[in-house]
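Down below is the structure, laid out as structure tokens.
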Amino acid sequence: MDKTQVIEQAKAHFAQLLSDQLDRAERLENAAAPKDYTKLDKIVVGLCPGDGIGPIIMKETRRVLEKLLADELASGRVVLKDIEGLTIENRMAQGKAIPDDVLAELKKCDVILKAPTETPNGGTMESANVTMRRELDLYANVRPVSVPDEGIEWMFYRENTEGEYALGSKGVEVPGLLCMDFKVTTWAGTRRIARAAFEYAKKNGKTSVAIVTKANVMKKTDGNFSRICHEVAADYPGIKAEDWYMDIMTANLIKKDRRNQFQVFVLPNLYGDILTDEAAEIQGGVGTAGSANIGDQYAMFEAIHGSAPRMIEEGRGDYANPSSLIKASEMMLRHIGLTEKADKLAEALSICCDKEKAVVITNNKDGASCREFGDYVISKL
Ligand code: IPM
Ligand code: MG
């Protein structure tokens, strides 16, 4: 190893990364006003079926939306647009996490409903989710979790474009010796996620927001994340802003006598990724949770789980649970201002998943099929 050469290469690499991130931070400081969906004559909803069980659960979700939005679709106020090409085969063939023509199509939509897309393990191919979040600047990953029997009603505001994810495919490696990845926190990026979390708390009568970091270890990135969240919190006098460390928060969520005290969480990207899977499991499994990726100009709604290639290999694909994607479409309807339709869908889902449970999905052939569950939800609309 030529140490001088390694350092010179790394310096040039880091200079480029820092320059790009400084440009991004400046763009965020001067962001345009958010899109107002209520002012649009036509809302274009892009549907990305993805990979593995994705097309199976998308098919049922589309049927549910067609029934629920029959009037809006007939009048042209809402348009469902199928987006082709976000498949692992096409992405690998083109060597791009989101091929250029697919990205151009996505940018013609107002909101996107996305089924899971496979992410290759290792290599340099970025996850399609991560690319989409960055390209469309979907900075707030909003994930609700509720367990009515326990009085749990959590709302997670996970920062979605920064942290370890911003440069996750751009680390430095000296093969056989060491590797380094980078983590990014910007002032504007933190302010906007904190603002989103506190606004949610205020509008929904919540009295506390947990700021979850490892500021005791990651002094710059998490330290500033926490500090900036507290600055934003000062504008919300009725709401308590509490610092928590991520490790103890994972423990708190499994303490039954403790966990229902939490209401809203705001947290950097990677911790949010981890904690929301844990939370979804408490709700009944990752298959039950929906997820919104909100930006000021676009928004994307998805299941929080992956494409489950094992289910396809084992011939269980048709028994996949579409609730997560249906739940995601409920969040989408709420986001674009179709509140009554969202409430109707929420009620139908709650009857099917919590109250009546006449059709039960187990992800195996002993349970109901995805299609049967789709019919069940449709019958409750
Ligand atoms: C999620 C997923 C993604 C993430 C993966 C697919 C890259 O786990 O949306 O939580 O890590 O953000
Ligand atoms: Mg995740």
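Just so you know, these numbers use all the heavy atoms, side chains as well, and skip hydrogens, waters and symmetry mates. Counting convention: from 1, in listed order, for ligands and their atoms alike. Since this is a predicted model, take the numbers as computed values, not measurements.
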Close-contact set for ligand 1 against D273 heavy atoms, below 4.0 Å: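 Matching atoms, with element in brackets: 1 (C), 2 (C), 4 (C), 8 (O), 10 (O), 11 (O), 12 (O).
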[atom] - nearest protein heavy atom and its distance:
atom	result
atom 4 (C) of ligand 1	Y165 OH, 3.4 Å
atom 6 (C) of ligand 1	T119 OG1, 4.1 Å
atom 7 (C) of ligand 1	S127 OG, 3.4 Å
atom 9 (O) of ligand 1	R133 NH2, 2.7 Å

Between F156 and W154, how do the two ring planes meet: parallel, tilted or perpendicular, split at 30° and 60°? perpendicular
Plane angle bin for W244 and F262 - parallel if under 30°, tilted between 30 and 60°, otherwise perpendicular: perpendicular
Closest approach of F225 to L267 (non-hydrogen atoms, all atoms of both residues):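 Nearest heavy atoms, F225 then L267: CZ-C, 3.6 Å.
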Would you call V209 and E242 a side-chain contact if the rule is heavy atoms closer than 4.5 Å?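 No, too far: nothing below the 4.5 Å cut-off.
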If you measure every N or O of R158 against every N or O of ligand 1, does any of those distances drop under 3.5 Å? yes
Under a 4.0 Å N-O cut-off, is there an ion pair linking E105 with K81?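 Salt bridge between E105 and K81, a charged N being under 4.0 Å from a carboxylate O: yes.
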Please determine if the Mg ion (ligand 2) has an N/O/S atom from D273 lying under 2.8 Å away.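 Yes.
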Is it the case that one hydrophobic cluster holds both I351 and V359, taking links as side-chain heavy atoms less than 4.5 Å apart, direct or via other members?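 Looking at the clustering, V359 is in a separate group from I351.
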Measuring from non-hydrogen atoms of R143 to any atom of ligand 1, is the shortest distance under 4.0 Å? yes
